[in-house]
Amino acid sequence: MPTVSAFDQAMMAKALQLAAKGTYSTHPNPRVGCVITLNGQIIASGWHRRAGEPHAEIDALSSLPAGQAKDTTVYVTLEPCSHHGRTPPCSDALITAGVKRVVIAMEDPNPLVAGKGIKYLQAAGIDVVCCVLETEAKALNPGFIKRMCEGLPYVRCKVAMSMDGATAMENGESQWITSSAARVDVHKYRAKSAAIITGIGTVLADDPSLNVRLTQAQLPEIAEQKIPPIRVLLDSHLQIPLTAKLLHTKGKVIIVHSTGAAIDQQRSLKEKGIELWEVESDRAGKINLTAVLKKLARAEVNDVLIEAGATLAGAFLADHLIDELIIYTAPVLMGSQTRPAFLTPQWTSMTDKVTLKIADWRQVGDDWRLIAYPVYN
């Protein structure tokens with residue numbers, strides 16, 4: 001097994017930091033960083049900014065004069081591609097540059113690559129080391145990995161609740177449970193998501209825009225964001241009012257409906273530039289959530305954020321479709337005449353409960369933010 005030094009790990013850590021700079025801008029591509037060293041010194045670095053623009057390896061190589069990459073070691077957080085996509089293969093560029101060694105954090109799960117890049121470099125006589133800080137590299141791109149491996153996007157679900165577990169009063173009133181700091185934090189999650197999913201109940205109750213409203217002071221990286229998240233509304237019978245903010249806010253909107261939705265309403269929405277998807281219903285007569293996610297994955301959506309009421313959030317949870325929960329808890333009590341975070345009428349015993357693996361727990365303004373991963377039976 002090839003030797004991995006402390007220097008190798010340190011350089012890969014720098015490459016991972018560079019990759020993270022693409023958090024808000026690279027989708028549908030993965031976030032990738034690259035560092036080039038010679039004789040124990042960094043001589044170039046780069047990262048992938050947006051789909052269609054240079055990959056991290058090319059970005060780093062382009063900062064060097066011709067011939068200066070010869071005999072270097074290249075650290076890259078994802079296996080260099082060996083196929084023609086929106087840009088030429090990075091493996092070819094590394095071979096042409098005469099690099100001596102390539103250290104990779106993880107193999108590319110894309111079937112078009114999937115180890116081929118490594119073999120291509122090795123066939124050219126380049127020493128290749130793989131899986132250095134692999135866990136950290138995978139954490140950068142959960143959506144890309146899941147879409148490539150399972151044909152589904154990575155699903156986060158945001159919940160804002162009181163200390164006693166309420167997300168709204170019984171009459172639907174919910175603005176605002178959490179503080180402005182928590183709401184800014186939610187917008188950062190919106191910015192890093194390729195799509196935001198909500199339900200018609202939320203639209204009728206709150207009339208949200210579901211767009212990203214952050215200043216550059218609140219999120220400096222927002223300047224790098226090129227494509228705002230798609231807003232996806234699940235509306236079986238196309239009940240959305242034509243005056244809804246969702247339809248009049250800049251950005252792409254997809255409305256998912258069931259078979260038999262009103263033709264006149266379909267026509268009116270299409271005239272507003274809204275994309276309509278007809279999706280099959282499940283056995284309960286509701287929109288099939290798995291079918292929606294698969295269709296989003298085929299549209300190259302890596303990550304989705306669910307911002308919905310208890311009914312839709314509960315349906316996603318009951319179907320085991322939520323990968324990550326983002327729960328904001330405010331230091332308030334709302335009493336008994338309230339709505340829960342998840343409506344799951346089919347859960348009737350303790351055997352139905354979902355265990356959570358806690359990943360992070362920290363204060364955001366006056367509230368607490370919990371990051372947890374559901375562990376399904």
Side-chain angles (χ1 to χ4, degrees), residues 19-20 22-24 26-31 78 106 108-110 134-161 167 185-199 202 210 229-232 234 254 256 279 282 286-329 341-344 347 352-362 369-377:
T23 293
Y24 301 95
T26 63
H27 49 260
N29 286 3
R31 297 137 190 162
L78 187 70
M106 63 172 287
D108 192 335
N110 185 341
E134 181 180 22
T135 300
E136 292 83 351
K138 287 181 175 179
L140 271 176
N141 292 295
F144 179 77
I145 294 168
K146 189 176 180 188
R147 178 166 69 87
M148 289 297 163
C149 294
E150 300 180 35
L152 292 167
Y154 187 84
V155 178
R156 296 183 177 91
C157 181
K158 164 256 174 181
V159 175
M161 68 182 192
T167 59
D185 199 56
V186 171
H187 279 262
K188 292 179 181 179
Y189 276 100
R190 287 183 182 179
K192 74 189 292 185
S193 303
I196 301 167
I197 295 179
T198 195
T202 297
L210 292 180
I230 301 166
R231 277 82 51 79
V232 181
L234 306 190
I254 296 171
V256 183
V279 172
D282 59 21
K286 304 292 186 181
I287 288 174
N288 188 308
L289 301 180
T290 301
V292 174
L293 293 178
K294 286 182 177 179
K295 196 170 176 68
L296 285 169
R298 290 194 294 271
E300 295 190 315
V301 168
N302 290 335
D303 311 79
V304 303
L305 176 66
I306 299 170
E307 291 198 53
T311 300
L312 185 56
F316 271 98
L317 184 64
D319 285 352
H320 297 181
L321 295 174
I322 295 175
D323 297 297
E324 180 179 325
L325 286 165
I326 309 160
I327 302 174
Y328 297 89
T329 305
F342 301 97
L343 190 63
T344 54
W347 291 8
D352 295 320
K353 71 179 184 294
V354 171
T355 301
L356 300 181
K357 180 181 178 182
I358 308 302
D360 188 64
W361 176 243
R362 69 183 62 198
R369 186 191 71 194
L370 173 73
I371 306 295
Y373 306 115
V375 180
Y376 300 110
N377 294 326

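What's counted below: heavy atoms across the whole structure, side chains too, no hydrogens, waters or symmetry copies.
- Taking each heavy atom of Cys157 and Ala313 in turn, the nearest pair found is SG-CB, 4.1 Å.
- Between Val232 and Val256, the closest side-chain pair of non-hydrogen atoms falls below 4.5 Å.
- Proximity of Ile327 to Met161: side-chain heavy atoms (C-beta onward) are separated by under 4.5 Å at one or more points.
- Note that CG of Asn288 and NZ of Lys294 are 8.0 Å apart. Values are rounded to the nearest 0.5 Å.
- Each of Asp303, Leu293, Asn302 was evaluated against Pro153; a single residue qualifies, Leu293, per the side-chain contact (heavy atoms from CB on, under 4.5 Å) test.
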Go through it in stages, so that I can follow the logic: the residues are Tyr24 and Lys188, the test is side chain to side chain contact (heavy atoms under 4.5 Å, CB included), and I'd like the CA-CA distance, side-chain angles, deciding distance and then a yes or no. CA-CA 9 Å; Tyr24 301 95; Lys188 292 179 181 179; 4.3 Å; yes
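- Atom CG of Asp360 sits in a crowded spot, with more than 12 heavy atoms from other residues, nucleotides or ligands closer than 6.0 Å.
- Of the residues listed (Ile197, Ile326, Val186), the one engaging Glu307 in a side-chain contact (heavy atoms from CB on, under 4.5 Å) is Val186, and it is the only one.
- Rounded to the nearest 0.5 angstrom, Lys357 NZ and Leu325 CG are separated by 14.0 Å.
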Steps toward side chain to side chain contact (heavy atoms under 4.5 Å, CB included) verdict (Lys158, Leu305): CA-CA 7 Å; Lys158 164 256 174 181; Leu305 176 66; 4.0 Å; yes
Which is it for Phe316 and Val304 under the side chain to side chain contact (heavy atoms under 4.5 Å, CB included) test, yes or no, and what are the steps along the way? CA-CA 12 Å; Phe316 271 98; Val304 303; over 6 Å; no
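- Taking the side chain as every heavy atom from C-beta outward, Asn377 and Asp352 never approach each other to under 4.5 Å.
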Step by step, would you call Glu324 with Ile371 a side chain to side chain contact (heavy atoms under 4.5 Å, CB included)? CA-CA 7 Å; Glu324 180 179 325; Ile371 306 295; 3.6 Å; yes
Go through Asp185 and Arg369 one step at a time and tell me if the salt bridge (Lys or Arg N to Asp or Glu O under 4.0 Å) criterion holds. CA-CA 9 Å; Asp185 199 56; Arg369 186 191 71 194; 2.9 Å; yes
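- For the atom pair Leu312 CG and Phe342 CZ, the distance stands at 11.0 Å (nearest 0.5 Å).
- Val155 places a side-chain heavy atom less than 4.5 Å from the side chain of Ile306.
- In this structure, Ala372 and Ile358 approach most closely via the heavy-atom pair CB-CD1, 3.9 Å.
- Counting only heavy atoms from C-beta outward, the side chains of Leu356 and Pro374 approach each other to under 4.5 Å.
- Within the model, atoms CG of Asp319 and CG of Leu289 stand 5.5 Å from one another, a figure rounded to the nearest 0.5 Å.
- By the 4.5 Å heavy-atom criterion applied to side chains, Met106 and Asn141 are not counted as neighbours.
- Put simply, the side chain of Ser193 does not reach to within 4.5 Å of the side chain of His27, judged on heavy atoms.
- If you take CG on Leu210 and CD1 on Ile196, they are separated by 5.5 Å, rounding to the nearest 0.5 Å.
- The number of heavy-atom neighbours closer than 6.0 Å to NZ of Lys295, taken from other residues, nucleotides and ligands shown, is above 12.
- Scanning both residues, Leu140 and Pro142, for their nearest heavy atoms gives C-CD, 3.4 Å.
- Contact annotation: the side chain of Val292 approaches that of Leu296 to within less than 4.5 Å [non-hydrogen atoms, C-beta and beyond].
- Distance CZ/Phe144 to NZ/Lys138: 13.0 Å, rounded to 0.5 Å.
- What you find for Pro229 and Arg190 is that their closest heavy atoms are CG-O, 3.5 Å.
- In this structure, the side chain of Thr202 engages the main chain of Gly309 through a donor-acceptor pair within 3.5 Å.
- Minimum heavy-atom separation, Arg147 to Ala297: CD-O, 3.4 Å.
- Heavy-atom minimum distance, Thr198 versus Ala308: OG1-CA, 4.0 Å.
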